[in-house]
Amino acid sequence: MKHVKFADKSLLMDDETADRLLEYAQVLADTSHADSVSLRAISPDGNTIEGRFLLNSASVMLVESTNSEVNPPDNAEAVKYMTERIRALKSPPVAQPEAESPDTDDLASWEQDMRA
């Protein structure tokens with residue numbers, strides 16, 4: 001369990017979610033991107049909440065350990081999303097050439113049709 005301090009809020013969430021959120025924020029800042037992520041967490045009053053984090057190069061966040069043994073809410077889908085986005089931003093897909101180039105006869109026929 002970790003404390004995530006974001007703006008003036010301190011929320012509790014599981015280690016994997018907190019670590020992935022910090023990593024995603026760093027990758028977004030490094031690549032000049034922004035995104036928002038909805039996560040479930042435990043608020044200071046003990047309630048389970050859903051918060052939306054706006055992540056960009058100006059985001060300020062602190063993730064710190066805690067000795068709390070409270071069961072954190074599940075964020076599996078959000079962790080999967082952030083992991084996929086991190087991978088895509090760190091290793092963007094390479095452009096591939098088309099399998100077939102257009103037939104020049106087809107191109108000439110198309111140009112004639114356009115003139116008609």
Side-chain angles (χ1 to χ4, degrees):
M1 182 76 75
K2 293 191 177 178
H3 276 278
V4 175
K5 294 183 181 184
F6 194 85
D8 63 344
K9 298 288 184 188
S10 180
L11 303 170
L12 288 172
M13 58 184 70
D14 66 280
D15 290 358
E16 183 181 21
T17 301
D19 293 340
R20 191 71 68 239
L21 179 64
L22 186 62
E23 180 183 9
Y24 188 36
Q26 179 183 356
V27 170
L28 287 168
D30 289 347
T31 58
S32 299
H33 286 84
D35 196 0
S36 61
V37 180
S38 291
L39 297 172
R40 295 175 45 84
I42 300 171
S43 66
D45 59 8
N47 289 321
T48 299
I49 58 99
E50 183 167 327
R52 192 143 182 94
F53 293 78
L54 174 60
L55 307 173
N56 58 37
S57 60
S59 296
V60 177
M61 183 183 329
L62 170 68
V63 175
E64 61 184 3
S65 62
T66 179
N67 59 5
S68 175
E69 295 183 20
V70 174
N71 287 330
D74 180 52
N75 283 301
E77 286 298 314
V79 169
K80 180 181 175 188
Y81 170 78
M82 290 186 289
T83 301
E84 290 170 355
R85 293 291 300 137
I86 290 166
R87 187 175 297 120
L89 289 167
K90 283 185 170 182
S91 301
V94 179
Q96 298 292 324
E98 289 186 31
E100 297 178 24
S101 57
D103 187 345
T104 55
D105 290 338
D106 289 343
L107 184 57
S109 173
W110 179 80
E111 287 175 342
Q112 283 180 339
D113 290 345
M114 292 303 292
R115 287 188 209 127

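For the pair H3 and S65, the tightest heavy-atom approach, listed with the atom from each and the gap, is CD2-O, 4.4 Å. When all heavy atoms are compared, the tightest approach of I42 to P72 is CD1-CA, 4.3 Å. A pairwise comparison of heavy atoms in M82 and T17 identifies CE-O, 4.3 Å as the closest pair. Residue A78 comes nearest to V37 through the heavy atom pair CB-CG1, 4.4 Å, listed as atom of the first residue, atom of the second, then distance. Of all heavy-atom pairs between S57 and A29, the closest is CA-CB, 3.8 Å.
Cluster membership check: L12 does not share its hydrophobic cluster with V63, using side-chain heavy-atom separations under 4.5 Å among Ile, Leu, Val, Met, Phe, Trp and Tyr. In the hydrophobic clustering of ILVMFWY residues, with side-chain heavy atoms under 4.5 Å counting as a link, L21 and L62 come out apart. Following chains of ILVMFWY side-chain contacts shorter than 4.5 Å, one can reach L28 starting from V4, so the two form part of one hydrophobic cluster. Under a hydrophobic-cluster definition in which Ile, Leu, Val, Met, Phe, Trp and Tyr are linked whenever side-chain heavy atoms come within less than 4.5 Å, directly or via other members, M61 and I86 are assigned to the same cluster. In the hydrophobic clustering of this structure, V27 does not group with L54; members are Ile, Leu, Val, Met, Phe, Trp, Tyr whose side-chain heavy atoms approach within less than 4.5 Å, directly or through other members.
Distance check: L11 CG to F53 CZ gives 5.0 Å after rounding to the nearest 0.5 Å. Taking CD1 from I49 and NZ from K9, the interatomic distance works out to 8.5 Å, rounded to the nearest 0.5 Å. Taking CD of E16 as the reference point, atom CD of E23 lies at 10.5 Å (rounded to 0.5 Å).
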Point to revise | Residue pair K90, D30: steps toward the salt bridge (Lys or Arg N to Asp or Glu O under 4.0 Å) verdict | key: CA-CA 10 Å; K90 283 185 170 182; D30 289 347; over 6 Å; no

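Counting heavy atoms from C-beta on, the side chains of D35 and Y24 come closer than 4.5 Å.
Counting only distance, with no hydrogens or angles, the side chain of D15 and the backbone of M1 share a donor-acceptor pair below 3.5 Å. Looking at D45, its side chain does come within 3.5 Å of a backbone N or O of N47 through a donor-acceptor pair.
The only member of R40, E50, K80 that meets side-chain contact (heavy atoms from CB on, under 4.5 Å) when paired with N75 is R40.
Salt-bridge formation is not detected for the pair E84/R87: no Lys NZ or Arg NE/NH1/NH2 atom is positioned less than 4.0 Å from an Asp or Glu carboxylate oxygen.
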